[in-house]
Amino acid sequence: MKWLAVALALAAAPVAAASPPMIGWFEIPVTDLARASRFYAAVLGRRLTNDTVDGYAMAMFDGPDGPEGALVKGDVYVPGKAGPILYFRVEDVDAVLARAVAAGGRVLYPKKDIGPAGWVGEFEDSEGNRIALIQPKG
């Protein structure tokens, strides 16, 4: 478990100005795009914009410089809890977990202090995906 704390400390650390973000784009698989869009708008408080790319319906998370990732519905997009876990950086893990539950999700891993890196937690979204949160300290 110590490796997790080290990895999350690195994820929570500020990125050097000369270094681009490690993740350039993310896609979260969904079966019901409208339901998932409502869920994520309520949980993360982010605006999503619908579009179709290469025949796949998407709801893109708006960021300061354009879309940063998307919810995607399509034959190759299968929601699930196995595989890579996406960590959203948030200001308050407890508040986001509470909004996830209120929006129909469930807590998979309650808020845990991981030392200098901050706190983490995980929830299951409306589609059955495992989504993680990190709240950096300081």
Side-chain angles (χ1 to χ4, degrees):
M1 200 64 174
K2 185 173 179 91
W3 64 268
L4 178 61
V6 171
L8 292 173
L10 293 172
V15 178
S19 177
M22 191 170 191
I23 303 297
W25 180 260
F26 65 87
E27 295 177 344
I28 299 173
V30 304
T31 53
D32 185 324
L33 190 61
R35 175 182 62 205
S37 294
R38 286 189 304 274
F39 179 87
Y40 278 94
V43 172
L44 298 177
R46 299 287 296 269
R47 189 170 152 257
L48 291 103
T49 304
N50 291 329
D51 200 353
T52 301
V53 178
D54 289 335
Y56 294 106
M58 296 186 170
M60 298 183 187
F61 290 90
D62 289 343
D65 299 318
E68 298 175 330
L71 306 173
V72 187
K73 180 180 177 172
D75 57 340
V76 298
Y77 293 94
V78 180
K81 288 187 271 312
I85 301 172
L86 176 64
Y87 280 77
F88 283 99
R89 189 174 288 121
V90 299
E91 291 183 16
D92 185 343
V93 168
D94 285 325
V96 176
L97 289 175
R99 289 195 302 266
V101 170
R106 69 182 180 105
V107 174
L108 297 174
Y109 188 74
K111 183 178 178 180
K112 177 173 176 52
D113 188 329
I114 57 168
W119 299 269
V120 295
E122 296 179 0
F123 64 86
E124 181 177 346
D125 71 7
S126 63
E127 308 305 294
N129 295 301
R130 175 183 298 273
I131 301 295
L133 307 167
I134 183 164
Q135 176 185 335
K137 287 187 179 171

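Side chains included, hydrogens not; waters and symmetry mates left out as well; all remaining heavy atoms used. Please read all numbers here as calculations on a predicted model, not as lab measurements.
Within 6.0 Å of CD1 on I85 lie more than 12 heavy atoms contributed by other residues, nucleotides or ligands.
When all heavy atoms of R35 and E127 are compared, the closest pair comes out as NE-OE2, 2.8 Å. Residue E124 comes nearest to G128 through the heavy atom pair OE2-CA, 3.4 Å, listed as atom of the first residue, atom of the second, then distance. Minimum heavy-atom separation, P136 to I134: CD-O, 3.6 Å. Closest non-hydrogen pair, N50 versus S37, comes out as OD1-OG, 4.4 Å.
The CG atom of L71 sits 10.0 Å away from atom CD of E27, with the distance rounded to the nearest 0.5 Å. Atom CG in L97 sits 9.5 Å away from atom CD in E122 (nearest 0.5 Å). With rounding to the nearest 0.5 angstrom, the CG atom of L44 is 7.5 Å from the CZ atom of R99. Between D125 atom CG and L108 atom CG the span is 9.5 Å, to the nearest 0.5 Å.
Between F123 and F39, the ring planes lie tilted relative to each other; the angle falls in the 30° to 60° range. Relative ring orientation between F88 and Y40 is described as tilted, the plane-to-plane angle lying within the 30° to 60° band.
Grouping the Ile, Leu, Val, Met, Phe, Trp and Tyr side chains by contacts below 4.5 angstrom, directly or via other members, places V90 apart from I114. Linking ILVMFWY residues whenever their side-chain heavy atoms come closer than 4.5 Å, directly or via other members, leaves W119 and Y109 in distinct clusters.
For the salt bridge (Lys or Arg N to Asp or Glu O under 4.0 Å) test, residues two or more places apart in sequence or in another chain that qualify with D94 are K111.
In this structure, N129 and L86 have side chains that are not in contact, with every pair of non-hydrogen atoms separated by 4.5 Å or more. For the pair V93 and V120, the minimum side-chain heavy-atom distance is 4.5 Å or more.
Grouped with M58 in one hydrophobic cluster are W25, V53, Y56, M60, V72, V76, Y77, the linkage being side-chain heavy-atom contacts under 4.5 Å among Ile, Leu, Val, Met, Phe, Trp and Tyr residues.
Side-chain N or O atoms of R130 include none that pairs as donor or acceptor with a backbone N or O of A82 at under 3.5 Å.
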